[in-house]
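For this chain, numbers begin at 1 and follow the sequence in order. Heavy-atom basis, side chains included; hydrogens, waters and symmetry copies ignored. Bear in mind the structure is a predicted one, so any value in this text is a computation, not a measurement.
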Amino acid sequence: MPPKISRPWLVALAIVAIALPLIPYRFEVSAYVVQMFMQAVTYAIAVLGLVVVLGYTGQINLAQAAFFGLGAYGVALGTVTGGWSFWLSLAAGAAVATGAGLALGLTTIRLGGHYLAMITISFQQILDLVLVNWIEVTRGPDGVAGIPRPSLAGFELADDRAYLVFCAAVLYVVVFAVWWLPHTRLGRAMRSVRENELAAEVVGVHTLRTKVVAFSLSALLGAIGGGLYAGGFAYISPDNFNFARSVEFLTAVLLGGAQSPFGGVIGTLLIVQMPEWLKHLPESLRFIKDVYLAVYGIGVILIMVFLPEGIWGLIKAARARFVKPVEKTDTTGVAPLDFDVPGAAGGPVLRVKALSKHFGGLKAVDGIDIEVARGSVHALIGPNGSGKTTSLNVVSGIYRPTAGQVMLGEEDVSLLRPHQRAGRGMGRTFQNIRLFSTLSALENVMVGAQRDRNPIGRGNRALRARAMSALAFVGLADRAHVIVRNLPYGHQRLVEIARVLAGHPRLLLLDEPAAGLNQTEKMEFVDLLRRLRGHGLTIFLIDHDMGLVEKVSDRITVLNFGRKIAEGSPQEVLRNPDVIAAYLGTAGKVN
């Protein structure tokens, strides 16, 4: 469920939303003012695409003006050259732009960060060259004139003010959709990718698909804004859609607040209107009028430096002073966590066969064999550098094996990606906690619950119920709505485990789960592991705390220099001379 908006805020938003487009419609204003409003509204739709791809998903896009231009040229060429209707032309332009966004999104499988930024800049520059030089189709630098306006339900939108009201209505629909998006399965997946892509993949999020969808949605919104822009101004040329325009869109979303559609709209209004305000200062401030662009640029820079969450972040902070955030949740009616784990009959849950992982000449894991019995706790121990975490990374799919097999039940999962293994019931935590820090505890756990093949259902109500049950199991149901970065370290550990449990795992991989816990928290964690085993869950863990390992483990495997040197019950292994020598250097030093 999206956050509830209090009635005063809702009334205020409704008044502002209705009043803004009606000002030029109901009152006598110049055509220039109407055009400024038109520019702001159409730009804002494109900027909302950046809210989706940058603010929600954390992917850099410096080609939004290219998508804006594809939508505009789709309308211009479709109506003027092809004689199509406005709506068919807009759909064609949006389809081409969405396809281009999909192609750019696919590049994220191998590229990210500044490399991705360079790819999007290159795409923007390529489109600039095409629009200028493909004169036979685009009409080159002269542009396309005479673009007609659409009709809606028989009503011609030829009047500038009527068309502005129509564009504003489209903007409001898009704002609502973008505001709603973070509270859907897709939106939570996007935000998890932004916060920690590796953790998102391991808990079951198809990160590549999520990024591709984000780019496609961004391109679609850019094209819609561009198509409406073309209809509004009746003339377009390549210099309307160059790289400088992309920078302008990016500045708008960062200025207003990239993680909120309201921030995106505010930033766009400022970017469009601020230069005009500065140009029309009174004569007493003539010196500012002469350098208004410099003042404008400095103002934007100062806001972005000192307000990293944008203007909307400042508004939220001011509101938080008067509205106390919810710290505790009503836990009545939370159902017990359903594990539904198959019985102990059957073969091992996990089998590792001759598994190797080499990094060049370094054999981090060298031909190990491990079987983890169903319903047991199996520990993997060894001195630092022995290959434990590398082995776990190969088992969970973060690394691909150099040789050997990873069998989950009777299925070979050696070549599956982490989200595919999560979909088959493999859950994983990390030595260094990997949570989605700006999401609440409940939202974190809901991301884990929405993995593929989870038998709980796909609706938000079912996901929320499953997440609350998992939080209740680890004792944190009353902190469900707290942002996880505000929780104590020990509670963050529990949220990470609850996130895995919400995914209905049959195998739980724990990498140093007790790291950073105090002695009391460790004892509580031992009790938690015993409860998990009591519910039939199979656990494969790494930990340096031998006391904890001995208390909870049914079987232990020991690695040294990437090879298995011992395996058996805790009593057998911890008294094995080879194990003692691996940890202490020589058996003779042990009393």
Calculate, to the nearest 0.5 Å, the distance between atoms CD1 and SG belonging to I224 and C167 respectively.
-> 11.5 Å
Pair F359 + Y399: ring centers closer than 6.0 Å = yes
Any side-chain heavy atom of W87 sitting closer than 4.5 Å to one from L152?
-> yes
Interatomic distance, R417 atom CZ to E201 atom CD [nearest 0.5 angstrom] = 4.0 Å
Determine the sole option in E195, R485, Q492 for which the side chain to side chain donor-acceptor pair (under 3.5 Å) test with S437 is passed.
-> E195
So CG of L435 and CG of N196: to nearest 0.5 Å the spacing works out to 8.5 Å
Would you check, one step at a time, whether the test ring-ring contact (aromatic ring centres under 6.0 Å, His included) holds for F67 with F123?
-> CA-CA 10 Å; F67 303 135; F123 177 76; 5.8 Å; yes
Which distance, rounded to the nearest 0.5 Å, do you find between the CZ of F243 and the CG of L62?
-> 5.5 Å
Ion pair present between K316 and E309, side-chain N to carboxylate O less than 4.0 angstrom?
-> no
Picking from F176, Y172, W312, what satisfies ring pair (Phe, Tyr, Trp, His ring centres under 6.0 Å) with F262?
-> W312
Got I45 and Y229 here, is their nearest side-chain heavy-atom distance under 4.5 Å?
-> no
Are any of the side-chain heavy atoms of L408 and L416 separated by less than 4.5 Å?
-> no
Just wondering, do R421 and R428 contact through their side chains at under 4.5 Å, heavy atoms?
-> no
For the residue pair L106 and F215, establish whether any side-chain heavy-atom pair is separated by less than 4.5 Å.
-> no
Are any of the side-chain heavy atoms of M426 and V395 separated by less than 4.5 Å?
-> yes
Quick one: does NZ or CZ of R499 land under 6.0 Å from the six-membered ring centre of F436, within 45 degrees of the ring axis?
-> yes
Should E197 and K211 count as side-chain neighbours, where that means a heavy-atom distance under 4.5 Å?
-> yes
